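Reading through the structure tokens given below for one structure.
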Amino acid sequence: MTFRLYDTQTREVRDFVPLEEGRAGVYVCGLTVQSEPHVGHIRSGVAFDVLRRWLTHRGLEVTFIRNVTDIDDKILAKAAEQGRPWYNLAYAMHRELDRAYAALNVAPPTYEPGATGHVPEMVELIERLVERGHAYAADDGSGDVYFDVRSWPSYGELTSQRIDDMEAAQDADPRGKRDPRDFALWKGRKDSEPESASWPSPWGRGRPGWHIECSAMAGKYLGTAFDIHGGGVDLRFPHHENEQAQSRAAGHAFASYWMHNAWITTAGEKMSKSLGNSLTVPAVLQRYRGVELRFYVVAAHYRSHVEFSFEALDEAAQGFRRIENFLDRAGATGDAPAELPEPFVAAMDDDLGTPAAVAVVYDAVREGNRLLASGEDAAALAGQVRAMLDVLGLDPADPAWPGSGSGDDARLTQAVDVLVGGLLEERTRARAEKDFAAADAIRDRLKDAGIEIEDTPTGPKWSIS
RNA sequence: GGUGGGUUGGCCGAGAGGCGAGGCAACGGACUGCAAAUCCGUGUACACGGGUUCAAAUCCCGUACCCACCUCCA
């Protein structure tokens, strides 16, 4: 069976056929680094990380490019508001984003290009569009350069819209545009903007428009034709439509497949509108581990809208602990890679069907627990479970998880182990003497401290509840 | 106005013509001194109204409600 994925443009699930056998080029629109990342922001990071892992698992050599937009109106506005240089804000938020990705075990891309580092490439592309008659410099002296939407007959093909049906932006002042739908490739510098936020160009100093960066950077790192382009649903229009139009107008074949992840909302609203900052990734990670948050995201299909709630996250965390528990009990410490169960492969091959894939994980866990309950060996199943989790980026033993390994955490665990161990010995003595009141008192005391006791055939075990 | 998506059991969340995905919670049983963990068992779910079909949550028509995008939101 082949890997099949849903292509936004054709609106159907299609076989994935790479342009070059054995290789896949993937470009994902990353974030504009203007504020702390919230839970919604990291969904595309996780979703496309799963895509990348799956393609890799299928034996493809994946070149994975995910950009960051490090210059735009909002960054300039926010930085001015906060009284700091725009590049300082962008850089600080970029580092926050890196931390969030790392906490969720999202592997770093092959390369993460930023817009400000690729101005010459963008200028080159714009010049080409002007030469070909698909772009023009505004004649109002602004220094702006626009893409000429009417010059490109297939404009609207990605989102199946016709130009005449589109509403012109209400807030867009027509400036030097020939058509209100024309979009900026290059924005002439305004006096209100810092000198440092402008670059030289044939049209005077200025900065790039939003869409052009992705066309230029995808071209540079993946070539004029590549396999998959991804991003959030909201980017379909205008961003991706414009990217495709300008790239193809420049003579590039561009992406073969378009993938778009759905939103995570709160209270039915997009998160950017939500009050407070309780849903930033760092805030959520104070209450849940990164694996748990990732599991919550992966357990839903990437094209399904998720209504975020702590109750649902709680459930997910609960379920994930059951999986970990099994791994623990089965002693799945080895890293001999196991074969993936066929239903798991089928689920993943079907447009990354992670919900069905997770169900297969649970099936294996239940079966494994059954074996353990009857005193049999479950190591083989545990190996399978770990192999499946690994593909989903959820293997608890993956050293890539922050905090794993021998840091302060490990030393703390050791210290607690010694202290709890003493109490457990006392409890075992009390139980042997049938002094259950004393035994339970110890258990209750530990529970109050957040430590759960579990009696197993090999003696009591403790864990953080 | 245009384009696309959604409405599934107490909750989360899959599926897309025919044997009840899976999880969380709940209840009963086994195990346990009691628990915990684990296993076994327990559920007349598919927004509404028509239609097609031997068979519809799934296809068709209509209705209601919700959501996203329509030129710098993941």
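All values derive from a computational prediction rather than experimental measurement. Throughout, a chain's letter reflects where its sequence line sits, starting with A, and its residues are numbered from 1.
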Counting the atoms with a prime plus P, OP1 and OP2 as sugar-phosphate, which does [X] contact under 4.0 Å by heavy atoms, base, sugar-phosphate, or nothing?
X	value
A:H260	nothing
A:Q318	sugar-phosphate
A:F295	nothing
A:K434	nothing
A:S304	sugar-phosphate
A:D182	nothing
A:T32	sugar-phosphate
A:T159	sugar-phosphate
A:D314	nothing

How many whole angstroms separate atom [atom1] of [X] from atom [atom2] of [N]?
X	N	atom1	atom2	answer
A:N325	B:C39	CG	P	10 Å
A:L327	B:U38	CG	P	13 Å
A:D179	B:C70	CG	C1'	14 Å
A:E367	B:A21	CD	P	19 Å
A:E241	B:G4	CD	P	13 Å
A:R303	B:A16	CZ	C1'	12 Å
A:D363	B:G23	CG	P	7 Å
A:H240	B:G4	NE2	P	18 Å

Has A:R445 got more than 12 heavy atoms of other residues, nucleotides or ligands less than 6.0 Å from its CZ?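 No, the 6.0 Å shell around CZ holds no more than 12 heavy atoms from other groups.
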Taking only side-chain nitrogens and oxygens of [X], does any of them come within less than 4.0 Å of OP1 or OP2 of [N]?
X	N	value
A:R370	B:C40	yes
A:R322	B:C39	yes
A:R11	B:G5	no
A:T456	B:A37	no
A:S309	B:C11	no
A:K461	B:A37	no
A:N369	B:C39	yes

Taking the six-membered ring for Trp, are [X] and [Y] ring centroids under 6.0 Å apart?
X	Y	answer
A:H118	A:Y221	yes
A:H211	A:H240	no
A:H229	A:Y257	no
A:F226	A:F254	yes

Between [N] and [M], how far apart are the two [atom1] atoms, rounded to whole Å?
N	M	atom1	result
B:G51	B:A56	P	12 Å
B:G49	B:A64	C1'	10 Å
B:A21	B:A30	C1'	27 Å
B:U3	B:G22	C1'	34 Å
B:G1	B:U44	C1'	44 Å
B:C60	B:U53	C1'	12 Å
B:C24	B:G13	P	15 Å
B:A57	B:U8	C1'	7 Å

Which nucleotide in [options] has an atom nearest any side-chain atom of [X]:
X	options	answer
A:W263	B:C73, B:U71, B:G22	B:C73
A:L235	B:C24, B:A14, B:A74	B:A74
A:E315	B:C24, B:A21, B:C73	B:C24
A:H211	B:U71, B:G13, B:C24	B:U71
A:R427	B:G33, B:A25, B:A21	B:G33

Distance-only donor-acceptor test (3.5 Å): side chain A:D455, base B:U32: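 Counting by modelled atom types and ignoring angles, no donor-acceptor contact under 3.5 Å is found here.
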Given the structure, check if the side chain of A:D435 and the base of B:G33 hold any donor-acceptor pair shorter than 3.5 Å.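 No, the side chain and the base share no sub-3.5 Å donor-acceptor pair.
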For the base of B:G22 and the side-chain ring of A:Y362, does the geometry meet a stacking cutoff of under 5.5 Å between centres and under 30° between planes?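 Stacking between A:Y362 and B:G22: absent.
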Indicate yes or no: at least one non-hydrogen side-chain atom of [X] is less than 4.5 angstrom from one of [Y].
X	Y	result
A:L104	A:V297	no
A:P194	A:L76	yes
A:N242	A:F147	no

On RNA chain B, does the nearest nucleotide to A:A312 precede the nearest nucleotide to A:W210 from the 5' side, or the other way round? Give the residue.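 Whichever sits nearer the 5' end wins; that is A:A312.
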Salt bridge A:R4-A:D15, side-chain N to carboxylate O under 4.0 Å: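 The answer is yes: the pair qualifies as a salt bridge.
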